[in-house]
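Structure, as structure tokens:
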2 protein chains.
Amino acid sequence: MNLVLLFPEDFVAEARVRLQGRRWAHVRQVHRVGVGDALRVGLLGGAMGIGKVRALDAEALEMEVVLDQPPPPKLPLSLVLALPRPKVLNRVLASATSLGVARMALVNAWKVERAYWGSPKLEPDNLRRQLLLGLEQSRDTVMPELSIGRLFRPFVEERLDAWAGPGTRLLAHPGAAETCPVGLPGGGVVAIGPEGGWIDEERESLRRAGFREVDLGPRILRVETALAALVGRLC
Amino acid sequence: MNLVLLFPEDFVAEARVRLQGRRWAHVRQVHRVGVGDALRVGLLGGAMGIGKVRALDAEALEMEVVLDQPPPPKLPLSLVLALPRPKVLNRVLASATSLGVARMALVNAWKVERAYWGSPKLEPDNLRRQLLLGLEQSRDTVMPELSIGRLFRPFVEERLDAWAGPGTRLLAHPGAAETCPVGLPGGGVVAIGPEGGWIDEERESLRRAGFREVDLGPRILRVETALAALVGRLC
């Protein structure tokens, strides 16, 4: 937790917050703060700054906060992601958020097992929690847009233009003739397939929607590793 | 497991292997192979190719293998890594291996908790297991060199030249004046600090050893995310 995220309901006065529960426990046990110490804080969707601990007891923490810095700008990057298996989903969402991806769509693919769509990890509370963890990790306050596309073809063929806008569209595909470019002037969209990859019909749909197939090297990477490598290369 | 790694002791004839235990269970339960199916295989430290399942029962699997392809070349990249906390270490080792990093050194740093050095995760069997998992994930057969440096200054000031050879040396440091370059002609070394970063004295040692401080953007990334983003950008 490199930033303590604040919510409107934390404010007990104009510049004073009272925290309990998870954030209070973390700040106490991990940061081991005392009265007078300063912590980095940020209002969800708003400015960031410093909170000075004014009171601390066995139940809650009170801070006086100055919020005078803008959050970092989002990367001009949208991500179309075949729904990863539940075990991996949390890490991927938090990691993409921490990298500053602007928007993500989880879509179905032929090689996504149907049972993944019934996972409790897809419940809104869990999804939101993972995005918040990514913001706390990376020191950001602005949630990425998360869209659950579910049906692949309607998403790619009908909704994508409105969702992603213009820009380069890339599809990471092992063995593609073109090496993944460096930099992404004007921003764009990257599509990452499921374990085992997109099938030919899905690649064809993506190509019709303007995606270029690019190669990231001879190695098969886990989705969160591929995602970070792509962002590091493109942004 | 995108590649079934083979070891000399698996061979029951010149081109025939017999697998039991974890690999047998994985191939049966996850790949759901039957007799006649083909799997990608590779001999540890050697060539890769195809294995055809010739026999399969409740105890073992036999394959006829043709090993006629070289493994992918390692990236010309060495990694100096402040020992991550045990929970994170496994993932970082497997991930760096899957990315194709040529060599890694785990070193101490001021902000590495001393208890981390006593973790059973540092036992040779576990370290080896994580590297093997990274090879199986990425389809590679060549182990990266792993060195446990422990003492920071002797490693950086005395052993580094012999260990890493010439090439660019970069130190990922949030807020550095220079943005992380793209590409790494001639290869090089990247140093990644602990949670909380290197302290000033450590940065000074690294600078004296020829490391340039580079910035990866305003966000604080987890070590495995930062590592993949750096590799994607540099290699």
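Only a predicted model underlies this, so the values are computations on that prediction, with no experimental measurement involved.
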With 3.5 Å as the limit, can you list every donor-acceptor pair between chain B and chain A, backbone and side chains included?
| unit_1 | atom_1 | unit_2 | atom_2 | d |
| --- | --- | --- | --- | --- |
| B:P73 | O | A:R219 | NH1 | 3.2 |
| B:P73 | O | A:R219 | NH2 | 3.1 |
| B:Q137 | NE2 | A:I220 | O | 3.1 |
| B:S138 | O | A:I220 | N | 3.2 |
| B:D140 | OD2 | A:R219 | NH2 | 3.0 |
| B:R219 | NH1 | A:P73 | O | 3.2 |
| B:R219 | NH2 | A:P73 | O | 3.1 |
| B:R219 | NH2 | A:D140 | OD2 | 3.0 |
| B:I220 | N | A:S138 | O | 3.2 |
| B:I220 | O | A:Q137 | NE2 | 3.1 |
| B:G232 | O | A:R233 | NH1 | 3.1 |
| B:R233 | NH1 | A:G232 | O | 3.1 |
| B:R233 | NH1 | A:C235 | O | 2.9 |
| B:C235 | O | A:R233 | NH1 | 2.9 |

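The residue among B:L99, B:V182, B:L3 with the most heavy atom pairs within less than 4.5 Å of chain A is B:L99. In terms of heavy-atom pairs under 4.5 angstrom with chain A, the leader among B:P218, B:G100, B:P174 is B:G100. Between chain A and the options B:C235, B:A226, B:A229, B:G183, heavy-atom pairs under 4.5 Å are most frequent for B:A229.
At a 4.5 Å heavy-atom cutoff, the contact between A:L221 and chain B is made by backbone and side-chain atoms alike.
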